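One structure below.
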Amino acid sequence: MSRVRAAVAFLVACSAAVLVYALLRIAQRLVFEEPDPTLVLYSAHAGYFWRAWTSAYAGGMAGLVAWLAALRDLARTARAASALVGVAATVLVLASALFP
């Protein structure tokens, strides 16, 4: 049973990280305009790395919450995790298509 809880927590962590990354990318694209590469003194990929690390951190926190929730009710947590996978995939596809 412990392996199943770990698998559900890992699934939630990965799905949450993907969802947070897509939402951060959408928010960054809507709120901030792209910097002029000739004026930027640091790497052009700095925004990507911040989004990636922030989403990985948020995914880790979601995985911990899922682990704790699975201790209480594994079936309910697994159902929520499967729904989260669909939501994360949909948001990622929309973010990729509408905000390249």
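What you are looking at is a predicted structure, and each value in this text was computed from that prediction instead of being measured. All values below were derived from every heavy atom in this structure, side-chain atoms included, with hydrogens, water molecules and symmetry-related copies excluded.
Cluster partners of M61 are Y57, counting Ile, Leu, Val, Met, Phe, Trp and Tyr whose side-chain heavy atoms approach within less than 4.5 Å, directly or via other members. With a 4.5 Å cut-off between side-chain heavy atoms of Ile, Leu, Val, Met, Phe, Trp and Tyr, the cluster of L92 takes in V18.
Take L74 and apply the side-chain contact (heavy atoms from CB on, under 4.5 Å) test, not counting sequence neighbours, and it matches M1, V4, R5, V8, A70. By the side-chain contact (heavy atoms from CB on, under 4.5 Å) test, F99 pairs with I26, R29, L30, sequence neighbours left out. With sequence neighbours excluded, the residues forming a side-chain contact (heavy atoms from CB on, under 4.5 Å) with A62 are V12, A16, listed by chain and number. Residues satisfying the side-chain contact (heavy atoms from CB on, under 4.5 Å) criterion with A13, sequence neighbours excluded, are absent altogether.
Minimum heavy-atom separation, A6 to W67: N-CZ3, 3.4 Å.
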L71/L68 under side-chain contact (heavy atoms from CB on, under 4.5 Å): CA gap, chis, key distance, verdict: CA-CA 5 Å; L71 288 173; L68 295 173; 4.1 Å; yes

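In the hydrophobic cluster analysis, where Ile, Leu, Val, Met, Phe, Trp and Tyr join through side-chain heavy atoms closer than 4.5 angstrom, L84 is grouped together with V91. Under a hydrophobic-cluster definition in which Ile, Leu, Val, Met, Phe, Trp and Tyr are linked whenever side-chain heavy atoms come within less than 4.5 Å, directly or via other members, W53 and V20 are assigned to different clusters.
The CZ atom of F10 sits 9.5 Å away from the OG atom of S15 when rounded to the nearest 0.5 Å.
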